[in-house]
S.K.: 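Take this structure first; my questions come after.
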Amino acid sequence: WSRDGGPSILGDIMRRIVASLLLAGLLALPYSAAVPALEAGPWRVKRGAEPVDPAEQRPAVQPPSRPVVRGALAWTPLGPSPTRSAQVVVPPDNLVTGAIHAIAPHPTNASILYIGAVNGGIWRTTNATAANPTWTALTDDLPSQSIGALAFDPTDASRNTLIAGTGRWSNFAQRGDDEIGVYRTTDGGANWTVLGGATLLGRKVSAVAARGAVLLAATTSGLYRSTNTGATWTLASGTGNLPAGSMPALTADPSSTQRFYAGVLNASPRILRSSDNGASWIDVTTGITGLSASTTSFRIAVGPTGVVY
């Protein structure tokens, strides 16, 4: 896999071979048997996206960190270096970007910006307002480069604490790295801790939040919550008036560090609000029309004065 989430040549060849065998009837692969590990939720496959690759529904494992030194050889990265004028015309230099799934702007410094790439890990720039910002890769040595969510912890006055969630979100059949939980840093991204263990292993994270020792991870299996900085996690969905179901949206209210809004997908989709960092929830769906069992996703935004969209 390339850094920006593109497939390798060998992987593409193998995919074409399997597709040819399927079309020729030489390989039997019923849909029900091909994707037994699909998590619940109609939002698993995005509209316009290639169907999920059965090969990606492999057993979830916790891979080791990627060593800088392999054997007796120490490798020095050369780059990254941008591709120019390949797909796009974007002034000033027609730089080509990979797929970006999450953005976390610094709360007070417009020059600092973090991004999470679909299959390229987490990056940071300290000159985001420049015509050509310079970017630094922060997670090349971590087990998974598939980033599904990224957010600052507003309770950290130093603005150095962030949390990220792993998940395969590529439009290319959702190919990517293992879904291994969340990453957390307290030094602006220089070092990261992998959290979630067996509880979050194999969960596709759509949104994350950090409030000191309280961490939240919204997934296709529902909302997971930790009250001890990620040492242990519990499934909050199905408790505290929060219905069970997929949670494609979890959004913080910038006017209150304890208030969140969440969308739950099930037979009766709901929008809910928590004012105690996700410990309990109240249903605020009344007045919203058009929701049904066929609803496939939510997006929620909250303005600086608490207005919800």
S.K.: Show the numbers, then the answer: is there a side chain to side chain contact (heavy atoms under 4.5 Å, CB included) between Leu250 and Phe260?
M.R.: CA-CA 7 Å; Leu250 174 69; Phe260 292 89; 4.1 Å; yes
S.K.: With distance as the sole test, does Ser170 use its side chain to make a donor-acceptor pair with the main-chain N or O of Gln174 at under 3.5 Å?
M.R.: no
S.K.: With the side chain counted from C-beta on, respond yes when Leu215 and Arg225 share a heavy-atom pair under 4.5 Å apart, and no when they do not.
M.R.: no
S.K.: May I ask you to check whether Asp283 and Asn241 show a side-chain donor-acceptor distance below 3.5 Å?
M.R.: no
S.K.: Does Ser256 reach the main-chain N or O of Asp253 with its side chain, forming a donor-acceptor pair under 3.5 Å?
M.R.: no
S.K.: Distance only, no hydrogens: is a donor on one side chain within 3.5 Å (strictly under) of an acceptor on the other, for Asp156 and Thr161?
M.R.: yes
S.K.: OG1/Thr229 to CG/Leu195 distance, rounded to the nearest 0.5 angstrom?
M.R.: 8.5 Å
S.K.: Determine yes or no for a side-chain-to-main-chain donor-acceptor pair under 3.5 angstrom, with Lys204 supplying the side chain and Glu179 the backbone.
M.R.: no
S.K.: Is there a donor-acceptor pair closer than 3.5 Å between any side-chain N or O of Arg270 and the backbone N or O of Leu242?
M.R.: no
S.K.: Scan side-chain atoms only and decide if Ser146 and Arg168 contain a donor-acceptor pair under the 3.5 Å cut-off.
M.R.: no
S.K.: Using side-chain heavy atoms (C-beta onward) and a distance below 4.5 Å, is Ser275 in contact with Gln258?
M.R.: no
S.K.: Judged by atom type as modelled, is there a donor-acceptor pair below 3.5 Å linking the side chain of Ser255 to the main-chain atoms of Thr305?
M.R.: no
S.K.: Shortest non-hydrogen contact from Val118 to Trp169?
M.R.: CG1-C, 4.1 Å
S.K.: Looking only at heavy atoms, which two atoms of Arg211 and Thr257 are closest? And how far apart?
M.R.: NE-O, 2.6 Å
S.K.: Just verifying a value: how many Å separate Trp192 CH2 and Leu162 CG, rounded to the nearest 0.5 Å?
M.R.: 5.5 Å
S.K.: For a quick test of reading the model, state the closest non-hydrogen atom pair linking Ser274 to Ala279 and the distance between them.
M.R.: OG-N, 4.0 Å
S.K.: Could you list who else is in Tyr309's hydrophobic cluster, with ILVMFWY side chains joined at under 4.5 Å, directly or through other members?
M.R.: Val307
S.K.: Quick one: does Gln145's side chain have a donor or acceptor within less than 3.5 Å of a partner on Thr139's backbone?
M.R.: yes
S.K.: Kindly compute the distance separating CZ (Arg124) from CG (Leu138), expressed to the nearest 0.5 Å.
M.R.: 5.0 Å
S.K.: What heavy-atom pair brings Arg299 and Pro248 nearest, and what distance separates the two atoms?
M.R.: NH1-O, 3.9 Å
S.K.: Report the C-alpha distance between Tyr183 and Leu150 in whole Å, list the side-chain angles of each, state the deciding distance to 0.1 Å, and finish with yes or no for side chain to side chain contact (heavy atoms under 4.5 Å, CB included).
M.R.: CA-CA 9 Å; Tyr183 300 149; Leu150 183 62; over 6 Å; no
S.K.: Hey, does the side chain of Thr155 reach the backbone of Gly212 with a donor-acceptor pair shorter than 3.5 angstrom?
M.R.: yes
S.K.: Among the clusters formed by ILVMFWY side chains lying less than 4.5 Å apart, do Val308 and Ile282 turn up in the same one?
M.R.: yes
S.K.: Quick check for you: to the nearest 0.5 Å, what is the distance between Leu216 atom CG and Ile163 atom CD1?
M.R.: 8.0 Å
S.K.: Would you give me the side-chain donor-acceptor pairs under 3.5 Å for residues 108-116, sequence neighbours excluded?
M.R.:
| residue | atom | partner | partner atom | Å |
| --- | --- | --- | --- | --- |
| Thr108 | OG1 | His106 | ND1 | 3.4 |
| Asn109 | OD1 | Ser111 | N | 3.0 |
| Tyr114 | OH | Gly188 | O | 2.7 |

S.K.: Would you say the side chain of Ser226 lies within less than 4.5 Å of the side chain of Val214, judging by non-hydrogen atoms?
M.R.: no
S.K.: Show the nearest heavy-atom pair for residues Ala262 and Trp281, with the distance to one decimal.
M.R.: CB-CZ3, 3.7 Å
S.K.: Is a side-chain N or O of Thr285 found less than 3.5 angstrom from the main chain of Ile271, in a donor-acceptor match?
M.R.: yes
S.K.: Tyr261: which residues meet the ring-ring contact (aromatic ring centres under 6.0 Å, His included) condition with it, sequence neighbours left out?
M.R.: none
S.K.: Counting C-beta onward and ignoring hydrogens, is there a side-chain heavy-atom pair between Leu200 and Trp233 closer than 4.5 Å?
M.R.: yes
S.K.: If you compare all heavy atoms of Ser292 against all heavy atoms of Ser294, which two are closest, and at what distance to 0.1 Å?
M.R.: OG-OG, 2.8 Å
S.K.: Check for me, please, whether Val284 and Leu265 land in the same ILVMFWY cluster - side-chain distances under 4.5 Å, paths through other members count.
M.R.: yes
S.K.: Applying a strict under-4.5 Å side-chain criterion to I, L, V, M, F, W and Y, I'd like to know whether Ile103 and Trp135 cluster together.
M.R.: yes
S.K.: Run the numbers on Leu272 and Val264 for side chain to side chain contact (heavy atoms under 4.5 Å, CB included), then give the verdict.
M.R.: CA-CA 8 Å; Leu272 300 104; Val264 175; 3.7 Å; yes
S.K.: Roughly how far, to the nearest 0.5 Å, is the OG1 atom of Thr289 from the CG atom of Leu291?
M.R.: 7.5 Å
S.K.: Is it true that Thr134 and Asn127 share a donor-acceptor pair across their side chains at a distance under 3.5 Å?
M.R.: yes
S.K.: Within the side chain of Asp178, is there an N or O that forms a donor-acceptor pair under 3.5 Å with the backbone of Pro143?
M.R.: no
S.K.: What do the steps show when you test Leu235 against Leu223 for side chain to side chain contact (heavy atoms under 4.5 Å, CB included), and what is the final call?
M.R.: CA-CA 6 Å; Leu235 179 62; Leu223 178 67; 5.8 Å; no
S.K.: Looking only at atom types and distance, does a side-chain atom of Ser144 sit under 3.5 Å from a main-chain N or O of Ile180, one as donor and one as acceptor?
M.R.: no
S.K.: Just verifying a value: how many Å separate Arg203 CZ and Thr220 OG1, rounded to the nearest 0.5 Å?
M.R.: 7.0 Å
